[in-house]
Asks: 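What follows is a structure written as structure tokens; I'll ask about it next.
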Amino acid sequence: MTDIPTRYSPKDTEDKWYKTWEENSLFSAKADPAKKPFCIVIPPPNVTGILHMGHALNDTIQDILIRYHRMKGEESLWMPGTDHAGIATQNVVEKSIAKEGLKRQDLGREKFIEKVWEWKEQYGSTIIRQLKKIGASCDWQRERFTMDEEYSKSVVEVFTRLYEKGLIYKGSYIINWCPRCQTALADEEAPHHDLQGNLYYLRYPIKGQSPKHNSEGNLSGADPYIVVATTRPETMLGDTAVAVNPKDKRYKKLIGETLILPLANRQIKVIADSMVDMKFGTGAVKVTPAHDPNDYALGKKHNLEFINVMRPDGFMNKNAGDYNGMDRFEAREVILEDLKEKGLLEKIEPHGLSAGHCYRCHTIIEPYLSEQWFVKMKPLAKPAIEAVKKGRIKFHPKRWTKVYLNWMENIQDWCISRQIWWGHRIPVYYCKDCQKKCQSPSGRYPVKDSVIVSKIRPEKCPKCGSSDIYQDEDVLDTWFSSWLWPFATFYWPDKPRSENELKYFYPTSALVTAPEIIFFWVARMIMAGFEFMGDIPFKDVYIHGTVRDIEGKKMSKSLGNIIDPLDIINEYGADALRFSLISITAQGQDVFLSQERFEQGRNFANKIWNASRFVLINLDHSKVNTDLCVFFKKEDLDIVNRWILSRFYSTLKEAGKKLDLYKFNEAANLLYGFFWHEFCDWYLEIIKPDINKTHNQVVMYKVLEKFLRILHPFMPFISEELWHKLDENKGSIMLEPWPHLQEPLIDKKTELKMDSVFEAITAIRMMRSELKIQPQNKINAEIFVKSKSRKELISSMLPLITGMSKLQGLSLKEDYAPLKTQYVKILRDMTIVIPLSGIVDVDKLKKDKEEEIKKVESDIKAKKNILSNENFVKRAPGEIVEKEELKLEELKKTLTELKGIRDGLK
RNA sequence: GGGCGCAUGGCUCAGCUGGUUAGAGCGCCACACUCACAUUGUGGAGAUCAUAGGUUCGAAUCCUAUUGCGCCCACCA
């Protein structure tokens, strides 16, 4: 009959079509003034990345948008690429060389970077290959990498521009320090997590109030001291003051007193500052300016000494005295022991706290005083806030606007230096000779005087001519390169190369991303857009939900709850993966995923496959070449064909609207419902007996053909495969236009008429089922129609109703008179009667009718109540009141009929 | 401490600007394979729309409070 298999096999089509698309450069876009541009830049995945469900969702959404707009005739560019992901990649390569027993320091900076590049060449395109598996139609010829030579030029350009503008500065501040990665982290890179810790109460003796010693020489509880509370006792070695609130009566007379810092045996002062919360702990707080941001501020204000007691690796340093060389947590234990021994540990209380964790290795970060580079953010934030407030950039869903604005309005300066090797090295050079000249006796020198910021390595110092120059050791935060993504990917600032394209594609159209990186990336791109391009980088930001497992937990390797998209593609196909993901992703809601979800997508693909198979088996190609318009003009199509066309165009219209509103799931579900339940379940079943009729041939072919086109953005592979099965001479479906909306063919009247017909068929099927009449048992039925117009309709549809409900015969009768041994169903505008052959349990039917009567009676009562409410009649709109009145009339009629039927059942 | 989101049939979710009978998928029950598809078809059961107030002629829908779950932000030592 046909050589099309009864099951769709994704494996036979997906790779084949992807290859064809790629080989024919169907994804490539170029500035074409004759067309409207549509552009999305991909959120560049980490080179170390492997595709997870989050990517699958993110990239499916983008691919749908790109394919949709491409079909709508827009020049659609999906700009792809990867991110060098400084810390993440460095960690991965460090792990890999650790297998050979090597550390990065063993190799040295240059050799290590070489290793990273080698690693990148070998494994860096994994995720790109995987993106291709899901069907991503990126313009791969444009693929960029944030460490490319050209891209690096953009980064350096931006750094120097900002420096010259005075927006980049170097300074000593308390930053988030990861002792494992041994680098500074931006605030966003050190998310806080709750921990169960303790609040330790320490006693600091007051000098000059001669402590009374016990026999062992230790302090007793009665001695004069101040009690401070801390969660990190090991930092006490760096204390340079104890602060109290000036209003605090308990401590008023102690202000200005000197304390003996235990274990360190240093003298520190009691200072007063209103920042101190009297209600917390004891109201007295130890001040460690080198290890806590608040204390740092206090230290600056009160001119305190900054004593750093920790090494970059999280071990105590020589300032820690006896504790030098201990790990910070080990030191904590030992210090507590020692204090306890000396009677200086008053008590320990359990205390919940939250501490920053390294977003890469999850080590608890250490607030750490160090010299870092920062970007002043307030001036950059200003236009970026305006743009969103004025609606030039819109978030979808809207609520993220607030989150964005809240962060932007409280923005802090951005720490951009990282003490790692893999990344864009800071384009800052220092002149050693200049440094010597302005060095202070303490060994410090003002940074400004020896700094040379330069796009290329300078030969000699522009100030003194010295060639004794070295480059800053640090590299830039990865986001300092990705925030340029929407224009640096076009080779900005290389004018000859970028100008034309940027003019065309920038601002890009939409950005699709997850909520986690609104601050990291989205906000910063907006700022960079204004600063360097003078305009927004994109118009719409679509924020999709997070993919979680069925219990709502994030998918993660450690939890072992990962569903691998590649496994799903293997088992169900990429189209199934895409469709299932999309159909359950309500706008902005998190996605709760289980393996079974993908069956829906697979089943849908299979349904489409088989319906197409059915059409192909029955298709007479010579008939379908007729232009559909011929029928439109003559308006001589029968109602069934008019109905399916109306339904198709309604679906097209609605799905288009949903896509424009970023409501992908609703669009997907519209297609699903239309195809399965209207085209297959009703239309194809109805035309089956007359499938060779020209009208049916043309319409079934056209609807299927157009449906494949609107399906294509969602399920690109199967739609392409079937497209060619329908007509092997055609080019790729990718290049086909999105179907033109034939508004006049949307005909709600026809749809309502067909609904009546379907209602009749369903009712008869239900009656058969209730009466347990076997399908092979061909019975007769009668139908009574109330209104005149319906009478005509039903009369013309009798054969269809008879066939679809597997009746022997169905006769249209004028007036209904209750008879014995009948089974009756009352519908909105008709009544259906099946004569009983006496096998059935009449009492049961009677009972059922009694219940129906009760139901209708109570409905009538409710309606009457509503209508007797004066306020309702007065205030509700007239049409609503009329509707209610009409409904009541109908109910009354139905009641009369039902009673008649019940009485007939004797 | 602030902010946000979510609570709708056994499960996962739709339900736009308040208006007849609250939808879908999965699961469940019954029936049906000469018929494109059993990854199928037909029919069915199953929901006091978290709780308590309020606005309204009318609330799953709007407002307030409460409870439970989840997330984000924050310099509580």
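A note on names: the letters A, B, ... follow the listed sequences, proteins ahead of strands, and every chain is numbered from 1. No experiment lies behind these values; they were computed from the predicted model shown.
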Asks: Please round to the nearest 0.5 Å and tell me the distance separating atom CE of A:M408 and atom CZ of A:R524.
Replies: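 Rounded to the nearest 0.5 Å, the CE-CZ separation comes to 10.0 Å.
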Asks: Using atom P in both nucleotides, what's the gap between B:G19 and B:C76 to the nearest angstrom?
Replies: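 Between the two P atoms, the distance is 46 Å.
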Asks: Output all residues satisfying ring pair (Phe, Tyr, Trp, His ring centres under 6.0 Å) with A:Y8, sequence neighbours left out; order by chain, then residue number.
Replies: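 A:Y8 satisfies ring pair (Phe, Tyr, Trp, His ring centres under 6.0 Å) with A:W609 once adjacent residues are dropped.
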Asks: When rounded to the nearest 0.5 angstrom, what is the spacing between CD in A:E366 and CG in A:L185?
Replies: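 CG of A:L185 is found 12.5 Å from CD of A:E366.
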Asks: In Å, rounded to the nearest 0.5 Å, how long is the span from CZ of A:F579 to CZ of A:R597?
Replies: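 That separation rounds to 12.0 Å.
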Asks: Just to verify, which of A:D292, A:D295, A:D239 counts as forming a side chain to side chain donor-acceptor pair (under 3.5 Å) with A:K286?
Replies: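 Of A:D292, A:D295, A:D239, side chain to side chain donor-acceptor pair (under 3.5 Å) with A:K286 is met by A:D239 alone.
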Asks: Looking only at atom C1', what distance separates B:C72 and B:C26, rounded to whole Å?
Replies: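 Nearest-Å result for B:C72 against B:C26 at atom C1': 32 Å.
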Asks: Provide the full list of ring pair (Phe, Tyr, Trp, His ring centres under 6.0 Å) pairs with a residue in residues 865-886 of chain A, sequence neighbours left out, each pair given once.
Replies: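 Counting only pairs at least two positions apart or across chains, no ring pair (Phe, Tyr, Trp, His ring centres under 6.0 Å) contact touches residues 865-886 of chain A.
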Asks: Mind checking the CG-CE spacing from A:L619 to A:M700? Nearest 0.5 Å is all I need.
Replies: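 One gets 5.0 Å once the value is rounded to the nearest 0.5 Å.
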Asks: Measuring to OP1 and OP2 of B:G41, would you say a side-chain N or O of A:K607 lies under 4.0 angstrom away?
Replies: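 Answer yes for this pair, as a side-chain N or O of A:K607 is under 4.0 Å from OP1 or OP2.
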Asks: Thinking salt bridges, do A:E571 and A:R602 make one under a 4.0 Å N-O criterion?
Replies: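 Salt bridge between A:E571 and A:R602, a charged N being under 4.0 Å from a carboxylate O: no.
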Asks: Using the P atom as the point on both nucleotides, what is the distance between B:A77 and B:C4, in whole Å?
Replies: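 Here B:C4 and B:A77 have their P atoms 25 Å from each other.
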Asks: Could you work out the separation of B:C62 and B:C75 based on their C1' atoms and round it to a whole Å?
Replies: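 Approximately 39 Å lies between the C1' atom of B:C62 and that of B:C75.
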Asks: Could you go over nucleotides 1-8 of chain B and give all protein N or O partners under 3.5 Å, atom names and distances?
Replies:
{"unit_1": "B:C4", "atom_1": "OP1", "unit_2": "A:K402", "atom_2": "NZ", "d": "3.0"}

Asks: Reading RNA chain B from 5' onward, which residue's closest nucleotide shows up sooner: A:I880 or A:E685?
Replies: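 Whichever sits nearer the 5' end wins; that is A:I880.
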Asks: Could you tell me whether A:R765 contacts a base, only the sugar-phosphate backbone, or nothing, with contacts defined as non-hydrogen atoms closer than 4.0 Å?
Replies: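 Since only primed, P, OP1 and OP2 atoms lie under 4.0 Å of A:R765, the category is sugar-phosphate.
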Asks: If you look at every strand shown and take non-hydrogen atoms under 4.0 Å, does A:F604 touch a base, only sugar-phosphate, or nothing?
Replies: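 Counting heavy atoms under 4.0 Å across all strands, no contact is made by A:F604.
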Asks: Sticking with atom C1', work out how far B:G9 lies from B:G46, rounded to a whole angstrom.
Replies: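 Nearest-Å result for B:G9 against B:G46 at atom C1': 6 Å.
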Asks: If we take the P atom in both B:A74 and B:A65, what is their distance in whole Å?
Replies: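 Nearest-Å result for B:A74 against B:A65 at atom P: 26 Å.
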Asks: How long is the gap from OG1 on A:T288 to CG on A:L369, to the nearest 0.5 Å?
Replies: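 Between A:T288 OG1 and A:L369 CG, I get 12.0 Å after rounding to 0.5 Å.
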Asks: Give me the stems containing RNA chain B, sorted by first residue, counting only three or more consecutive Watson-Crick or G-U pairs with both distances under 3.5 Å; say none if there aren't any.
Replies: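 Only these stems qualify: B:1-7 with B:67-73, B:10-13 with B:23-26, B:28-32 with B:40-44, B:50-54 with B:62-66.
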Asks: Between A:E721 and A:K725, is there a side-chain N and carboxylate O pair less than 4.0 Å apart?
Replies: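 Judged by the 4.0 Å cut-off on N to carboxylate O distance, A:E721 and A:K725 do form a salt bridge.
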Asks: Regarding A:P877, tell me which of base, sugar-phosphate or nothing describes its non-hydrogen contacts under 4.0 Å with the strands shown.
Replies: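 If one applies the 4.0 Å heavy-atom cut-off, A:P877 turns out to touch a base.
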Asks: Donor-acceptor pair, A:S583 side chain versus A:S580 backbone, under 3.5 Å?
Replies: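 Flag set: sc A:S583 to bb A:S580 pair under 3.5 Å.
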Asks: I want to confirm an ordering. Mapping A:K688 and A:K883 to their closest nucleotides on RNA chain B, which one lands closer to the 5' end?
Replies: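 Looking at the nearest nucleotide for each, A:K883 comes out on the 5' side.
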Asks: Can you identify which nucleotide, out of B:A36, B:U39, B:G43, has its nearest atom closest to the A:T762 side chain?
Replies: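 Taking heavy atoms from C-beta onward, the closest nucleotide is B:G43.
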Asks: When you check the side-chain N and O atoms of A:E349 and A:Y201, is any donor under 3.5 Å from an acceptor?
Replies: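 Yes.
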Asks: Using nucleotides 22-30 of chain B, report all nitrogen or oxygen pairs with the protein that are shorter than 3.5 Å.
Replies:
{"unit_1": "B:G25", "atom_1": "OP1", "unit_2": "A:H677", "atom_2": "NE2", "d": "3.2"}

Asks: Check if the side chain of A:R7 and the base of B:U39 share a donor-acceptor pair of N or O atoms closer than 3.5 Å.
Replies: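 Result: at least one qualifying N/O pair found.
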Asks: Between the protein and nucleotides 74-77 of chain B, list the N/O to N/O atom pairs that are separated by less than 3.5 angstrom.
Replies:
{"unit_1": "B:C75", "atom_1": "O2'", "unit_2": "A:N294", "atom_2": "OD1", "d": "3.4"}
{"unit_1": "B:C75", "atom_1": "O2'", "unit_2": "A:N294", "atom_2": "ND2", "d": "2.1"}
{"unit_1": "B:C75", "atom_1": "O2", "unit_2": "A:N294", "atom_2": "OD1", "d": "2.3"}
{"unit_1": "B:A77", "atom_1": "N6", "unit_2": "A:D277", "atom_2": "O", "d": "2.6"}
{"unit_1": "B:A77", "atom_1": "N6", "unit_2": "A:F280", "atom_2": "O", "d": "3.3"}
{"unit_1": "B:A77", "atom_1": "N1", "unit_2": "A:D277", "atom_2": "N", "d": "3.3"}

Asks: Say you pick atom P in B:U42 and the same atom in B:U51; how far apart are they, in whole Å?
Replies: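 Result for the P pair: 35 Å, nearest Å.
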Asks: Do other residues, nucleotides or ligands put more than 12 heavy atoms under 6.0 Å from A:K893 NZ?
Replies: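 12 or below, so no.
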Asks: When A:F604 is tested against each of A:Y572, A:Y672, A:F598 for ring-ring contact (aromatic ring centres under 6.0 Å, His included), which residue passes?
Replies: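 Only one option passes, and that is A:Y672.
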Asks: Determine the interatomic distance between P on B:G41 and the same-named atom on B:G27; round to the nearest Å.
Replies: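 One P to the other, the span is 12 Å.
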Asks: Looking at B:G44, B:A36, B:G19, which one has an atom nearest to any side-chain atom of A:F872?
Replies: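 Nearest to the side-chain atoms of A:F872, counting from C-beta on, is B:G19.
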Asks: Are A:E685 and A:K688 ion-paired here, with the side-chain N under 4.0 Å from a carboxylate O?
Replies: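 Salt bridge: yes.
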